[in-house]
Trainee: 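I have a structure here, written as structure tokens, and I will follow up with some questions on it.
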Number of protein chains: 2
Amino acid sequence: MKPKITLKDIARELEVSISTVSKALKNSEEISRDTKEKVQAFAKLYNYKPNNIAISLKNKRTKNIGVVIPDIVHHFFTTVIRGIEKYANAKGYNVIVCLSEESFDKEVINMEMLANGSIDGFIMSLSSETQQKGDFNHLKEVTDQGIPVVLFDRITNEIDCDKVIIDDELGAYMATKKFIEQGKKNIALITTDDYLSVSKARTQGYLKALKESELGVDQSKILKLPSMEMDETSIKKFMDSQELDAVLCVNEIFAVYSMRLAQQKGLKIPEDISFIGFTDGLLSKYANPSLTVVSQHGEKMGEVSAKMLIDKVESEEEEETYQTKILEPTLVIRDSIFH
Amino acid sequence: MKPKITLKDIARELEVSISTVSKALKNSEEISRDTKEKVQAFAKLYNYKPNNIAISLKNKRTKNIGVVIPDIVHHFFTTVIRGIEKYANAKGYNVIVCLSEESFDKEVINMEMLANGSIDGFIMSLSSETQQKGDFNHLKEVTDQGIPVVLFDRITNEIDCDKVIIDDELGAYMATKKFIEQGKKNIALITTDDYLSVSKARTQGYLKALKESELGVDQSKILKLPSMEMDETSIKKFMDSQELDAVLCVNEIFAVYSMRLAQQKGLKIPEDISFIGFTDGLLSKYANPSLTVVSQHGEKMGEVSAKMLIDKVESEEEEETYQTKILEPTLVIRDSIFH
DNA sequence: TATTAACACGAAACCGTTTTCGTAATACTT
DNA sequence: AAGTATTACGAAAACGGTTTCGTGTTAATA
């Protein structure tokens with residue numbers, strides 16, 4: 001057990017003042033060559049490293065960023081974290097991850113825990129409960145205190161801050177259009193209630209593509225589930241009640257599950273029925289057949305979010321100008337549709 | 001913009017000393033009822049919250065725990081994090097996540113970043129590069145400084161600290177035994193080189209089960225890949241060169257991919273060939289057919305690790321006694337084998 | 001030789017808390 | 001009335017750094 005050594009220890013040992021040690025270690029011009037060498041050698045020998053907490057207190061900067069997300073088991077959030085981590089780490093920042101588990105209360109508690117000095121800024125995606133309630137006071141409090149916030153994916157327009165999203169409407173539009181081009185006539189949508197900002201946008205994209213075509217919209221071909229939670233019964237009932245030849249799903253799990261239902265009915269994919277999902281995860285890649293998806297570029301989204309946040313944290317000016325970055329989704333073509 | 005209020009602000013405003021404010025807020029007996037009420041009311045009005053950093057500096061306790069893992073995109077690690085987060089959060093701790101990306105250097109850098117006061121302890125799983133090199137000096141340094149460490153899943157015996165693993169050997173043994181019981185004769189293993197502690201243990205379980213049976217071991221039925229990275233070519237070559245009726249894989253991706261290869265050859269699962277993987281992730285559940293797996297109970301593992309760490313962090317005594325918890329794996333039976 | 005400049009360093013404030021200890025003012029004994 | 005106990009508070013140190021400013025010593029200048 002060799003406990004951490006402090007400036008005071010070095011100062012005592014070398015019989016100089018703490019200030020001298022501090023300056024010597026920073027190679028200050030003020031200190032003589034001799035003293036600097038002595039101090040630096042001693043510091044290296046005893047492996048001196050400044051205490052982060054003390055520096056944070058002095059600088060009022062922690063070099064930590066708080067990430068509050070609804071879930072970590074979903075591939076999309078996982079890749080976003082990776083993107084954040086990558087950028088933040090390169091800039092010398094650490095990432096504190098908090099999970100709201102889709103709960104408003106947990107989101108609030110997590111933010112309060114972090115907002116008292118632990119972090120320099122937040123990157124977050126709203127819990128479904130928060131979007132449903134429409135209560136964003138916890139965000140307002142934080143921004144009021146001057147703590148920078150970047151919202152990604154699940155955002156709200158009621159808070160002024162930087163935002164990063166993908167063009168979900170465009171993604172769904174592209175996917176639906178693809179179905180139409182390939183001659184599909186009965187195109188279903190499996191989504192969730194509109195309170196989730198992403199689902200709403202995706203539904204709009206789907207509707208837009210259909211309205212532009214001669215097919216038109218058939219409300220009975222839209223299944224709105226209460227949440228992103230898997231609900232096998234509802235999906236099965238929906239799939240059984242319809243004559244479909246294409247299905248667009250708001251995530252990859254819904255898509256893979258409904259593919260299986262179709263296969264069980266003896267339908268051939270993609271000849272009889274085609275599928276497209278959202279989120280380019282492991283599931284899509286290794287499903288059988290592999291699933292065509294709208295990729296959300298989670299890692300990129302994480303990097304962009306981290307860059308926006310850190311830029312704001314490190315900028316001197318107090319300009320209150322916020323931007324919303326919209327990333328382009330891309331269609332990753334796999335075997336669940338015609339190539 | 002209303003910046004954070006400090007004790008000093010309250011003291012100035014109320015014309016009392018900082019100490020009085022501090023004590024009043026803690027409901028100290030020393031302070032008169034009048035003063036306490038006045039201070040508390042003022043604090044509530046201005047939403048005073050103590051600064052975490054200052055408290056950390058004073059207490060030499062951050063209430064942060066550092067989690068260093070090789071990867072976050074894999075389901076197993078993701079569930080472990082969730083388990084850690086859940087337990088840690090309930091205890092008032094925050095979780096700082098760092099990714100080593102299987103790189104030794106990143107692991108070292110991450111630990112050094114955190115070891116200078118940012119965290120009270122580490123929970124980690126070694127990067128493959130670290131296990132390969134066998135260099136654990138960064139861990140030794142940290143434990144030498146008296147920082148508690150809990151190692152999970154990918155561990156080493158060269159460091160004295162608490163450890164949490166599942167009985168990988170048993171898991172593989174159970175799976176292989178299952179194949180044998182179901183009359184399978186040509187049982188393959190797709191794994192990685194032995195430097196990965198988990199792969200080594202799993203291989204041993206596989207070998208043990210075969211040696212106990214009349215089948216015996218056939219080295220040509222074992223494929224050792226250089227890492228957990230997907231290597232489609234090698235797996236395809238291996239699967240093509242063998243007459244197999246059962247395959248045990250060291251993760252779910254290998255398993256799902258080799259299932260697909262078998263299906264492409266026209267084999268029926270599980271009649272002609274059965275599959276078992278490790279890791280009970282989304283992939284296993286939604287694969288077609290669904291994949292039987294050895295579940296590692298990641299979330300449980302995370303909770304146990306967090307509990308061990310926090311117990312150590314909060315214990316007064318400096319007992320240098322370490323334990324290794326071994327969790328039992330379970331077989332989750334799905335359609336890739338006979339029920 | 002007196003004045004000034006350069007050099008090398010230390011004292012002290014500061015970041016925001018907690019906590020020990022000292023003490024003035026009041027209340028209680030005898 | 002003198003001594004003691006209690007109450008209610010403040011001063012100051014401490015956590016581990018950074019940074020400003022002051023100062024004693026030496027060297028350069030007039």
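The figures that follow rest on heavy atoms only: side chains count, while hydrogens, waters and symmetry mates do not. Here is how names work: the chains are called A, B, and so on, in the same order as the sequence lines, proteins then strands, and each is numbered from 1. Keep in mind that this is a model prediction, so the values were computed, not measured.
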Trainee: If you compare all heavy atoms of B:I69 against all heavy atoms of B:I81, which two are closest, and at what distance to 0.1 Å?
Mentor: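 In terms of heavy atoms, the two residues are closest at CD1-CD1, 3.6 Å.
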
Trainee: Rounding to an integer number of Å, can you tell me how far A:I10 CD1 sits from D:dT18 P?
Mentor: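 Distance, rounded to whole Å: 11 Å.
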
Trainee: Can you see which heavy atom on B:L114 is nearest to which on A:N94, and at what distance?
Mentor: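 Here B:L114 and A:N94 meet closest at CD2-OD1, 3.5 Å.
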
Trainee: Tell me what A:K60 touches on the nucleic acid: a base, only sugar-phosphate, or nothing, going by heavy atoms under 4.0 Å.
Mentor: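 If one applies the 4.0 Å heavy-atom cut-off, A:K60 turns out to touch the sugar-phosphate alone, with no base involved.
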
Trainee: For a quick test of reading the model, state the closest non-hydrogen atom pair linking B:T143 to B:I159 and the distance between them.
Mentor: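 Scanning both residues, the minimum pair turns out to be CG2-CG2, 4.3 Å.
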
Trainee: Measure CG/A:L7 against P/D:dA14 and give the value in whole Å, please.
Mentor: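 In whole Å, D:dA14 P lies 16 Å from A:L7 CG.
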
Trainee: To the nearest Å, give me how far apart NZ (A:K8) and P (D:dT18) are.
Mentor: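 Result: 15 Å.
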
Trainee: Taking 4.0 angstrom as the limit, do B:E15 and B:K38 come out as a salt bridge?
Mentor: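 So B:E15 does not pair with B:K38 through a salt bridge.
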
Trainee: Are A:E314 and A:K91 ion-paired here, with the side-chain N under 4.0 Å from a carboxylate O?
Mentor: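 Judged by the 4.0 Å cut-off on N to carboxylate O distance, A:E314 and A:K91 do not form a salt bridge.
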
Trainee: Does D:dT18 have OP1 or OP2 sitting under 4.0 Å from an N or O in the side chain of A:S22?
Mentor: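 Answer yes for this pair, as a side-chain N or O of A:S22 is under 4.0 Å from OP1 or OP2.
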
Trainee: Find the distance A:R61:CZ to D:dG17:C1' and express it as a whole number of Å.
Mentor: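 Atom-to-atom, A:R61 to D:dG17, this comes out as 16 Å.
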
Trainee: In terms of side-chain heavy atoms, does A:D153 have a donor or acceptor partner in A:S125 at a distance below 3.5 Å?
Mentor: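 No.
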
Trainee: Taking five pairs at each end of the helix from C:dT1-D:dA30 to C:dT30-D:dA1, what angle separates the two helix axes (nearest 10°)?
Mentor: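 So the angle between the two local helix axes works out to 70°.
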
Trainee: Just the rounded figure in Å: distance from P of D:dC15 to CD1 of A:I5.
Mentor: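 In whole Å, D:dC15 P and A:I5 CD1 are 15 Å from each other.
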
Trainee: Thinking salt bridges, do A:K325 and A:D162 make one under a 4.0 Å N-O criterion?
Mentor: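 Judged by the 4.0 Å cut-off on N to carboxylate O distance, A:K325 and A:D162 do not form a salt bridge.
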
Trainee: Please find the pair of heavy atoms, one from B:K312 and one from B:P148, that lie closest to each other, and give the distance.
Mentor: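 Heavy atoms of B:K312 and B:P148 come nearest at CG-CB, 3.9 Å.
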
Trainee: Between the side chain of A:K163 and the main-chain N/O of A:T156, is any donor-acceptor distance below 3.5 Å?
Mentor: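 Side chain of A:K163 to backbone of A:T156: a pair is present.
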
Trainee: Select base, sugar-phosphate, or nothing to describe what A:T6 touches, counting heavy atoms under 4.0 Å on all strands.
Mentor: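 If one applies the 4.0 Å heavy-atom cut-off, A:T6 turns out to touch the sugar-phosphate alone, with no base involved.
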
Trainee: Measure from CD1 on A:I53 to P on D:dG16 and round the result to the nearest Å.
Mentor: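 About 11 Å, once rounded to whole Å.
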
Trainee: Between A:I18 and B:I31, just flag the one whose closest nucleotide in DNA chain D comes earlier from the 5' side.
Mentor: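 Closest to the 5' end, via its nearest nucleotide, is B:I31.
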
Trainee: Using a cut-off of 4.0 Å on non-hydrogen atoms, how would the nucleic acid contact of B:T35 be classed: base, sugar-phosphate, or nothing?
Mentor: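 Here B:T35 touches the backbone only, sparing every base.
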
Trainee: Under 4.0 Å from OP1 or OP2 of D:dG17: is there any side-chain N or O of A:Y48 that close?
Mentor: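 For D:dG17, OP1 or OP2 has a side-chain N or O of A:Y48 closer than 4.0 Å.
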
Trainee: For A:L57 and D:dG17, what is the distance between atoms CG and P respectively, to the nearest whole Å?
Mentor: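 The answer, rounded to whole Å, is 12 Å.
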
Trainee: If you walk 5' to 3' along DNA chain C, what is the first nucleotide with an atom under 4.0 Å of a heavy atom in chain B, and what is the last?
Mentor: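 For DNA chain C, the relevant span reads C:dC15 to C:dC21.
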
Trainee: For D:dC9 and B:S32 - does any side-chain N or O of the residue sit under 4.0 Å from the phosphate oxygens OP1/OP2?
Mentor: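 It does, given that an N or O in the side chain of B:S32 lies less than 4.0 Å from OP1 or OP2 of D:dC9.
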
Trainee: On a plain distance test, is the side chain of B:S19 in donor-acceptor contact with the base of D:dA11 below 3.5 Å?
Mentor: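 Result: at least one qualifying N/O pair found.
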
Trainee: For a quick test of reading the model: is some side-chain N or O of B:K23 closer than 4.0 Å to OP1 or OP2 of D:dC9?
Mentor: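 False: B:K23 side-chain N/O out of range (4.0 Å or more) of D:dC9 OP1/OP2.
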
Trainee: In whole Å, I'd like the distance from the CD atom of A:E30 to the P atom of D:dT18.
Mentor: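 Result: 14 Å.
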
Trainee: Return yes when atom NZ of B:K4 has more than 12 non-hydrogen atoms of other residues, nucleotides or ligands closer than 6.0 Å, and no otherwise.
Mentor: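 Yes, enclosed.
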
